[in-house]
Number of protein chains: 2
Amino acid sequence: MKIQQILERAERLCIERGTRLTSKRKRVLECLLRHKNALSAYNIADAFKQEAEGDMPPMSVYRILEFLEDNLLVHKLHTANKYVACSHISCDHRHYKTSQFLICLKCSKVEEVSINNLVIGELHKSIERTEFRMISPQFEINCICNTCDQDKKYSSNTQLI
Amino acid sequence: MKIQQILERAERLCIERGTRLTSKRKRVLECLLRHKNALSAYNIADAFKQEAEGDMPPMSVYRILEFLEDNLLVHKLHTANKYVACSHISCDHRHYKTSQFLICLKCSKVEEVSINNLVIGELHKSIERTEFRMISPQFEINCICNTCDQDKKYSSNTQLI
DNA sequence: GCTAACAACGATATGTTATATCAATTTTTA
DNA sequence: TAAAAATTGATATAACATATCGTTGTTAGC
């Protein structure tokens, strides 16, 4: 699906929620959609500088990312301290209570996967037996993507992790 | 099990691995064992200052934590940027290929749990179908512990998350 | 349209987490 | 005991993040 369509869908979702996807917020979301990999707030600010899209200071990026996260448009990957656009903006978007992210530690490529509901159910059951209550379930799994794995095989000066 | 015994076991494990659990390393591990909650490197440095156990600058703590992690004696919780002592130092210690941590976002209390093998197996299968390869499997699950959950109910000025 | 209330944005300061580097010291090995 | 290796000390700097306050822009009621 094209980025422009996703942005339009995002805008509609915000209107439904009574929030506003301002032009700056839209541009940060677009930046995340164009870069497929996860980006830090400072990465995003740098991208705006380099692509001469007008200034976007890191503090603004943080504020905007917070808004986008609250509006279910981006996910924060806590293990990487980076952010990705939600891959379900344009599809149903509400089926996904538990997100699972495979994150390449080398290039920050991210895949948002959907693990078997049965598995997630079992997980919840395991946790119910403890004295902990799960909140905002999100799994982040450290991986190496195929591309970077290949790189490792053929280039000796590439460092893993 | 008493901390002293765990430390002795840790020392033996290091000797078996051909590494040395020096007195400073031992003291950092002991610090993590005494505090049941996860601590940041700077938290540990502060603890040494307060308890007048002699200086332990943050940079030393980082170096020592790296050693302890390499020697499977502590885990880094990437989502919290904090560290905990491995809860399996004194038991078999090698059965645990995939560690799962329940982390209280309020007080950093941590429980290292063993989730249903079925769940872990399914998770691995899901990942095999992607173009990612899992490394250093470790799951961190954001939770609220019962104690902090109770606190929330009875005190109005306590903030959740 | 005017104004009050609120939301969004800009700017600065500061806090927290982490890595890099090089010198000094201690321990091990030959 | 001297050389080599491991450990520790010390400083600088990078990377990630929050707090605060003033300004600008938008919305809602009059």
Side-chain angles (χ1 to χ4, degrees), chain A residues 11 14-15 17-29 31-32 37-49 53-71 73-84 103 105-106 108 140 142 159 161, chain B residues 11 14-15 17-29 31-32 37-49 53-71 73-84 103 105-106 108 140 159-161:
Chain A
E11 199 154 19
C14 283
I15 290 169
R17 291 172 58 90
T19 59
R20 281 181 296 161
L21 191 68
T22 63
S23 76
K24 288 184 189 282
R25 288 167 175 171
K26 203 185 231 174
R27 282 164 65 209
V28 168
L29 179 57
C31 180
L32 280 173
N37 298 10
L39 299 175
S40 76
Y42 284 87
N43 290 158
I44 294 171
D46 286 349
F48 274 87
K49 260 193 202 124
E53 300 184 50
D55 209 34
M56 184 71 79
M59 302 310 108
S60 298
V61 175
Y62 270 109
R63 193 155 31 196
I64 288 170
L65 286 171
E66 193 185 350
F67 170 89
L68 295 173
E69 209 184 354
D70 289 345
N71 285 268
L73 300 172
V74 316
H75 298 284
K76 172 165 188 180
L77 305 175
H78 292 92
T79 59
N81 294 320
K82 288 186 162 62
Y83 302 79
V84 279
I103 307 164
L105 287 186
K106 261 185 98 181
S108 294
E140 302 173 24
N142 290 335
Q159 291 196 351
I161 312 174
Chain B
E11 199 154 19
C14 283
I15 290 168
R17 293 172 58 89
T19 59
R20 281 179 297 159
L21 191 67
T22 63
S23 75
K24 288 183 188 283
R25 289 168 175 171
K26 204 184 230 176
R27 282 164 65 208
V28 168
L29 179 57
C31 179
L32 280 174
N37 299 11
L39 299 175
S40 75
Y42 285 86
N43 290 158
I44 294 170
D46 287 348
F48 274 87
K49 260 192 202 126
E53 299 184 51
D55 209 34
M56 184 69 78
M59 301 310 106
S60 298
V61 175
Y62 271 108
R63 194 156 31 196
I64 288 170
L65 286 170
E66 193 186 349
F67 171 89
L68 294 173
E69 210 186 352
D70 289 345
N71 285 270
L73 299 172
V74 315
H75 298 283
K76 171 166 188 181
L77 304 175
H78 297 272
T79 60
N81 294 318
K82 289 186 160 62
Y83 302 79
V84 279
I103 307 163
L105 288 186
K106 261 185 98 180
S108 295
E140 302 174 23
Q159 291 195 352
L160 183 54
I161 310 174

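In the text below, chain A, chain B and the rest are named by the order of the sequence lines, each starting its count at 1. This one's a predicted model, so the numbers in the text were calculated from it and none came from an experiment.
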Problem - Nucleotide D/dA17, atom P - distance to CG of A/L77 in whole Å - result: 11 Å
Handout entry: For B/L73 against B/L29, the heavy-atom pair lying closest together
Key = O-CD1, 4.0 Å
Handout entry: Approximate separation, where rounding is to 0.5 Å, of B/L21 CG and B/I64 CD1
Key = 9.5 Å
Exercise for the section: Find the distance A/I44:CD1 to D/dA17:P and express it as a whole number of Å. Expected result: 11 Å
Exercise for the section: Mind listing the closest non-hydrogen atom pair of B/A45 and B/M56 along with its distance? Expected result: CB-O, 3.4 Å
Exercise for the section: Rounded to the nearest angstrom, tell me the gap between atom CG in B/L65 and atom P in C/dT19. Expected result: 11 Å
Completion exercise
Reading nucleotides 9-18 of chain C from 5' to 3' and marking B where a protein heavy atom lies under 4.0 Å of the base, S where only the sugar-phosphate is that close, and - otherwise, the string is BB-BB---BB
Problem - Distance-minimising heavy-atom pair for A/F48 and A/C31 - result: CE1-CB, 4.1 Å
Handout entry: Minimum-distance pair of heavy atoms, taken over all atoms of B/R20 and B/F67
Key = O-CZ, 3.3 Å
Practice task
Taking the side chain as every heavy atom from C-beta outward, state whether B/D46 and B/L39 have any atom pair closer than 4.5 Å.
Solution key: no
Anything under 3.5 Å between a protein N or O and an N or O of nucleotides 25-30 of chain C, put it in a table, one pair a line.
{"from": "C/dT27", "atom 1": "O3'", "to": "B/R20", "atom 2": "NH1", "distance (Å)": "2.7"}

Handout entry: Atom-pair distance (CZ on B/R27; C1' on D/dT7), nearest Å
Key = 15 Å
Problem - Neighbour count >12 (heavy atoms, 6.0 Å) for atom CD, A/E69 - result: yes
Practice task
Verify, without hydrogens or angle tests, whether B/E140 (side chain) and B/H78 (backbone) share a donor-acceptor contact under 3.5 angstrom.
Solution key: yes
